[in-house]
There are 2 protein chains.
Amino acid sequence: MPVHQHIRVTADAVVLRFNSKEGMMVLLSKRSIPPHIFKWGLPGGFVQNDEPLENAVHREIRDETGLRVNYLEQFKTFGAPDRDPRGRVLCVAHVGLIKPSAAKLTLGAGNKEARWYPVRELPQMAFDHAEVIAAALDHLRLRFRHEPLAFELLDAKFPVSELEKLYEWLYDRMVDRRNFQKKIHGLGLLTTQQEKLKHPLQGRPAQLFSFNREKFTELQEKGTFVEIFS
Amino acid sequence: MPVHQHIRVTADAVVLRFNSKEGMMVLLSKRSIPPHIFKWGLPGGFVQNDEPLENAVHREIRDETGLRVNYLEQFKTFGAPDRDPRGRVLCVAHVGLIKPSAAKLTLGAGNKEARWYPVRELPQMAFDHAEVIAAALDHLRLRFRHEPLAFELLDAKFPVSELEKLYEWLYDRMVDRRNFQKKIHGLGLLTTQQEKLKHPLQGRPAQLFSFNREKFTELQEKGTFVEIFS
DNA sequence: GCAAAAGTGTTGAGTTTACACCCATGT
DNA sequence: ACATGGGTGTAAACTCAACACTTTTGC
């Protein structure tokens with residue numbers, strides 16, 4: 001049985017970036033070969049025989065888009081026998097998070113065309129990749145409540161409103177600004193920075209904060225049940 | 001690249017059962033072939049080329065132990081290049097939950113030796129299977145808070161104390177009996193049964209309840225944020 | 001009657017929600 | 001001066017945590 005097994009394995013990534021103006025965006029690359037040629041798909045590809053899965057994902061993201069994510073986590077393996085017309089191909093799907101300042105695509109750098117698309121306005125997708133993206137967001141909705149992943153989508157210094165709007169986008173509901181600040185500051189998770197946001201497009205410049213990871217791990221180790229968002 | 005890829009894929013299961021006397025138990029089967037011959041490992045094995053992953057798991061559990069789980073969910077894929085001495089073998093790991101009344105092993109039925117082991121007193125394990133079991137429990141700790149998976153580990157009719165002790169075991173802390181009952185009944189998730197527990201080993205016979213799944217989906221659809229346990 | 005587990009309410013503390021006005025900046 | 005988003009406090013509702021005695025059964 002093992003001798004006759006012929007299953008190929010890809011490692012693919014749902015790479016996300018977020019800002020309050022555009023919402024959540026996903027990194028797609030245009031396929032230049034069949035199957036699904038010219039459709040958009042997730043960056044990713046076949047894993048090398050002796051290569052760890054995460055390496056494969058980092059490599060493929062870099063090769064196809066020139067970007068480097070700062071957070072990467074595997075979340076599900078897609079294995080329906082007919083999901084790839086070439087035969088049995090498993091897709092070990094990952095989510096990657098990237099900060100806005102590191103998300104700029106230098107077009108034409110790679111040999112593939114890569115673009116950011118709004119997660120809620122996807123083009124026609126190759127394979128089952130629309131389903132993979134949906135599953136990635138479900139996964140994040142579970143994790144964001146108790147783990148400080150949101151900060152992986154924000155620059156090192158950020159206004160509270162950006163954090164708030166990220167949660168609003170993900171859970172698709174409005175959040176009271178005052179209550180949100182009370183909660184997040186009450187936990188002591190944000191460190192006030194000297195600077196304020198320069199040249200806001202409109203309105204009063206916002207105070208910038210950074211994530212206090214030491215405080216967070218301290219709380220976790222003390223056994224406090226940390227719920228960032230409910 | 002894809003042509004030369006040679007990666008094999010197994011689907012394995014961390015099958016769990018629970019009761020308040022013995023705690024959480026995991027189903028292991030004794031390996032009868034190398035590598036790791038005579039060590040204990042998770043039920044599972046190579047996926048057939050055209051076989052869905054879940055099917056493979058159900059098949060292997062049945063063949064190796066004679067049991068059928070009533071809940072099965074994939075939770076992580078283990079892919080370290082050196083985790084199997086035979087070469088590159090990915091393990092798509094699942095958790096299976098089974099009710100106590102369906103968990104009796106008919107020894108000698110299969111050709112492999114299968115046994116239930118207390119999760120906190122594992123024998124020496126094959127491959128990275130100890131790590132897989134730990135990851136399964138971490139996964140369940142995330143899911144049990146908001147999803148009604150606990151009921152998959154209890155018989156159709158169960159005393160509240162059994163549910164409570166399951167949560168106590170998983171989160172490793174004591175829970176106040178009165179507060180727990182208030183919460184769970186407050187949500188309206190349990191239906192009182194006619195019967196009481198017959199012949200308790202000691203003490204007053206407990207009222208039996210069943211899980212009210214309709215009520216649960218109703219709450220979910222109403223958009224109520226259902227937190228079974230905090 | 002004794003041992004063992006089940007059942008049951010109240011109170012105080014803490015948390016969550018709802019809500020509206022002034023502030024700092026760019027144009 | 002006006003438009004835009006940022007910053008801030010309080011009171012009421014609700015939820016959570018702590019706590020002990022009585023009941024039902026088997027032996």
Side-chain angles (χ1 to χ4, degrees), chain A residues 19-23 145-146 154 157-169 171 173-210 219 222-230, chain B residues 19-23 145-146 154 157-169 171 173-210 219 222-230:
Chain A
N19 67 55
S20 56
K21 291 271 169 280
E22 301 167 286
R145 289 189 192 280
H146 305 292
L154 302 176
K157 299 171 182 179
F158 54 87
V160 187
S161 63
E162 206 67 12
L163 180 63
E164 180 197 323
K165 280 166 189 156
L166 170 48
Y167 278 101
E168 285 184 336
W169 189 96
Y171 295 99
R173 60 187 157 94
M174 287 295 128
V175 169
D176 182 276
R177 190 153 33 111
R178 280 177 287 193
N179 293 336
F180 185 78
Q181 298 207 13
K182 244 180 303 174
K183 171 144 200 181
I184 207 89
H185 284 128
L187 291 166
L189 295 182
L190 299 188
T191 308
T192 310
Q193 296 301 116
Q194 292 303 324
E195 308 116 83
K196 302 206 171 176
L197 190 65
K198 295 186 201 326
H199 311 304
L201 295 159
Q202 278 157 329
R204 172 177 174 175
Q207 180 62 247
L208 295 178
F209 296 88
S210 62
L219 284 173
K222 239 196 286 177
T224 314
F225 178 55
V226 184
E227 182 186 65
I228 302 169
F229 190 75
S230 62
Chain B
N19 67 56
S20 55
K21 290 271 170 277
E22 301 166 288
R145 289 188 191 282
H146 305 292
L154 302 175
K157 299 173 182 180
F158 54 87
V160 188
S161 63
E162 206 66 12
L163 181 63
E164 181 198 323
K165 280 165 189 157
L166 170 48
Y167 278 102
E168 285 184 338
W169 189 97
Y171 295 98
R173 61 188 158 93
M174 288 296 127
V175 168
D176 183 276
R177 192 154 28 115
R178 278 176 288 193
N179 292 338
F180 184 79
Q181 297 208 14
K182 246 180 299 174
K183 173 145 198 180
I184 207 87
H185 283 129
L187 291 166
L189 295 182
L190 299 188
T191 307
T192 310
Q193 297 299 118
Q194 293 304 324
E195 310 116 85
K196 301 206 171 175
L197 189 64
K198 296 187 204 316
H199 311 304
L201 295 159
Q202 278 155 329
R204 172 176 175 175
Q207 181 61 247
L208 295 177
F209 297 88
S210 63
L219 283 173
K222 242 197 282 176
T224 314
F225 177 54
V226 184
E227 185 187 61
I228 302 168
F229 191 75
S230 62

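Convention: sequence-line order gives letters A, B, ...; per-chain numbering from 1.
- Separating the NZ atom in B:Lys157 from the CG atom in B:Leu190 is a distance of 14.0 Å, to the nearest 0.5 Å.
- Taking atom NZ on B:Lys196 and atom C1' on C:dA6, their separation rounds to 9 Å, with Å as the unit.
- Nucleic acid contact for B:Ser161: sugar-phosphate only, since backbone atoms but no base atoms lie under 4.0 Å from a heavy atom of the residue.
- Taking for each of A:Arg204 and A:Asp176 the nucleotide of DNA chain D with the nearest heavy atom, the 5'-most of the two is the partner of A:Arg204.
- Distances shown here put a side-chain N or O of B:Gln202 below 4.0 Å from the OP1 or OP2 atom of C:dA5.
- A straight line from CD of A:Glu164 to P of D:dG6 spans 8 Å, rounded to a whole angstrom.
- Separating the CG atom in B:Asn179 from the CD1 atom in B:Ile184 is a distance of 12.5 Å, to the nearest 0.5 Å.
- Note: A:Leu208 CG to A:Phe158 CZ = 9.0 Å, rounded to the nearest 0.5 Å.
- Proximity of B:Phe209 to B:Glu162: side-chain heavy atoms (C-beta onward) are nowhere separated by under 4.5 Å.
- At a threshold of 4.5 Å between non-hydrogen side-chain atoms, the residues A:Glu227 and B:Ser230 do not count as touching.
- One can place CG of A:Leu163 at 15 Å from C1' of D:dG6, the figure rounded to the nearest angstrom.
- To the nearest 0.5 angstrom, A:Phe180 atom CZ is 4.0 Å from A:Leu163 atom CG.
- Of the residues in residues 177-194 of chain A, those with a non-hydrogen atom less than 4.0 angstrom from any atom of DNA chain D are A:Arg177, A:Arg178, A:Lys182.
- Atom pair B:Glu162:CD and C:dA6:C1' shows a separation of 13 Å (rounding to whole Å applied).
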